[in-house]
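Contents: one structure, followed by commentary.
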Number of protein chains: 2
Amino acid sequence: MSNTLTDKVWSREEFEQQLREKGRGYHIYHPLHVLMYEGKLSQKQMQLWVANRYYYQIAIPIKDAAILSNCPDREVRRGWIQRIFDHDGSGHIAEGGEGGIEAWIHLGAAVGLTREEVTSLKLVAPAAKFAVDAYINFARQRPWQESVCSSLTELFAPHIHQQRIDSWPDMYPWINAEGMQYFKNRLTQARRDVEQGLAITLDYFSQSRALQERALEILQFKLDVLWALADAIMLQSCDVKIENGVQYVRQDQV
Amino acid sequence: MSNTLTDKVWSREEFEQQLREKGRGYHIYHPLHVLMYEGKLSQKQMQLWVANRYYYQIAIPIKDAAILSNCPDREVRRGWIQRIFDHDGSGHIAEGGEGGIEAWIHLGAAVGLTREEVTSLKLVAPAAKFAVDAYINFARQRPWQESVCSSLTELFAPHIHQQRIDSWPDMYPWINAEGMQYFKNRLTQARRDVEQGLAITLDYFSQSRALQERALEILQFKLDVLWALADAIMLQSCDVKIENGVQYVRQDQV
């Protein structure tokens, strides 16, 4: 256990390295995502993944608006507001300005879900909502610098997006390639977004070693949100056995 | 699908029956609790269950204080405040006034956990926190009548408490009988509490069929919280295999 009173502040480079090492707990290693990458999920399972993750997608601009509403720094707001446009869209849909939420609905269509099946949220598992809502409530209730820090799972996102772009055409050839546009857009957006989020985090939390360790805790919280979201989708969509082969049953199956 | 505009209001008895039928989704049927009842959990698994559930126990008075803070009705508050005493205690510990949270710490001791292992929350799974926090945030953000309704899983609680009192001495003889005091206390408390919660719910939500159906949704939300909590403990404490025997790994195991 470190002693944050006497331990010295990490350099900017050391601190960034500590943040990046948290990537070991990124949900790219969750068994559901490993099965997905290996092409082992059925169409129904891919549909449930897309439908549940939609709840995360629509939470993003609400979370970012909560950050804006807690942030008195105009310069930060001027940069951060781009994230809301990225997801909600900022122009006519026919002109390509439809945004990430609309792109996710297209992904739903590409895996065989109607717009209503996606947007009604009727396929979303309760535990998926609880995980995502924890992220929204964090952004509403915590200082804006902490919420900015919690967004830094974006450091690890390009890897998982690229994995999907690379493997899905081979593993899931039935998924319409146009449905992959969300992941292609995020490759660029996430790399740009992370610059602002990382700069704010490295500046603010480097005031003390205790704050730097707090930043690692916050990033862990966000990793936990993503892992719990994958857990919820797994329990909803996979055949699960516990202990010595006892069949897991969902609440709607008892 | 019912039409809440034309469907008629259920009688008080029908409405209560509809609420009670939601008990089919109570977490007494969760595979983890079935294994527990059958005596199939190890000491380590019982410890993790107690440690995770402690996070739920400490949430109860915070949730009830949120209800008080949203409720302008003095008569309701005068009854509801008893719940806070039930959990926080209302007298000297040596005089038996220690309350449910302290009794739960005693249950921790009875299964072999130190006070610090329980109260530090270090054994609590992130997804367990997300589920319990969803309940607290519901009580903070929704009208007090909805929060009262969400407490009605107490209708089903005496059954699960009695099950534990009956089966644990045989199934888990190593658990000190004094540790069971929490469940014994709750048999009386839950039956008394539910009278007020049920009366308020039957009165308020019987203003329309739409409200009555809203009450069923709210009770389902609370059943989902308890089920998701059991899911989180199961994934943390049990051997889990998905699909064709793929081992589930926890985030701290990757």
Side-chain angles (χ1 to χ4, degrees), chain A residues 22-35 38 40-42 45 124-138 140-141 220-232 234-254, chain B residues 22-35 38 40-42 45 124-138 140-141 220-232 234-254:
Chain A
K22 299 296 280 180
R24 283 174 301 184
Y26 192 54
H27 64 172
I28 197 170
Y29 303 111
H30 189 285
L32 182 72
H33 290 144
V34 175
L35 287 176
E38 294 172 343
K40 291 179 180 160
L41 297 187
S42 68
Q45 288 171 318
V124 180
K129 286 188 184 172
F130 301 153
V132 172
D133 288 350
Y135 188 34
I136 296 177
N137 282 314
F138 186 91
R140 284 178 177 154
Q141 294 165 4
Q220 182 62 50
F221 157 75
K222 174 62 183 305
L223 291 163
D224 292 340
V225 165
L226 295 175
W227 198 273
L229 176 57
D231 281 347
M234 176 187 83
L235 289 179
Q236 184 200 41
S237 67
C238 292
D239 179 64
V240 175
K241 293 199 165 54
I242 58 174
E243 297 301 291
N244 298 309
V246 173
Q247 184 69 41
Y248 172 75
V249 289
R250 291 185 285 283
Q251 194 185 28
D252 57 3
Q253 295 171 323
V254 295
Chain B
K22 297 297 281 181
R24 284 174 301 182
Y26 192 54
H27 63 172
I28 197 170
Y29 303 111
H30 189 284
L32 182 73
H33 290 145
V34 174
L35 288 175
E38 294 172 344
K40 291 180 180 159
L41 296 187
S42 68
Q45 289 171 317
V124 180
K129 287 188 184 171
F130 301 153
V132 172
D133 288 350
Y135 188 33
I136 296 177
N137 283 312
F138 186 91
R140 284 178 176 155
Q141 294 165 5
Q220 182 62 50
F221 156 76
K222 175 63 183 306
L223 292 163
D224 291 340
V225 165
L226 295 174
W227 198 273
L229 176 56
D231 280 347
M234 176 187 82
L235 289 180
Q236 185 200 39
S237 68
C238 292
D239 180 63
V240 174
K241 293 197 165 56
I242 58 174
E243 296 300 293
N244 298 309
V246 173
Q247 184 70 41
Y248 172 75
V249 290
R250 292 184 285 282
Q251 194 185 27
D252 56 4
Q253 295 171 323
V254 295

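In what follows, chains are A, B, ... by sequence order, proteins preceding strands, each numbered from 1.
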Problem set entry | Heavy-atom pair count under 4.5 Å with chain B, highest-scoring of A:Lys40, A:Arg250, A:Lys241, A:His30 | A:Lys241
Heavy-atom cut-off 4.5 Å, strictly under: side chain, backbone, both or neither for [X] against chain A?
X	value
B:His27	neither
B:Val240	both
B:Tyr135	neither
B:Gln45	side chain
B:Asp224	both

If we define contacts as heavy-atom pairs under 4.5 Å, which of [options] has the most with chain A?
options	result
B:Ala134, B:Gly245, B:Ala127, B:Cys238	B:Cys238
B:Val246, B:Val225, B:Asp252	B:Val225
B:Leu229, B:Leu41, B:Leu235	B:Leu235

I need the minimum non-hydrogen distance between [X] and [Y], along with the two atoms involved.
X	Y	result
A:Leu35	B:Glu243	CD1-CG, 3.9 Å
A:Ile242	B:Met234	CG2-SD, 3.6 Å
A:Gln251	B:Gly25	NE2-O, 2.8 Å
A:Trp227	B:Val249	CZ2-O, 3.5 Å

Problem set entry | Minimum side-chain heavy-atom gap B:Asp231-A:Tyr248 below 4.5 Å | yes
Exercise. Does some side-chain heavy atom of B:Arg140 sit less than 4.5 Å from a side-chain heavy atom of A:Asn137?
Worked result: no
Seminar exercise, completed: Okay, A:Gln253 and chain B: the region with an atom under 4.5 Å from a heavy atom over there is neither
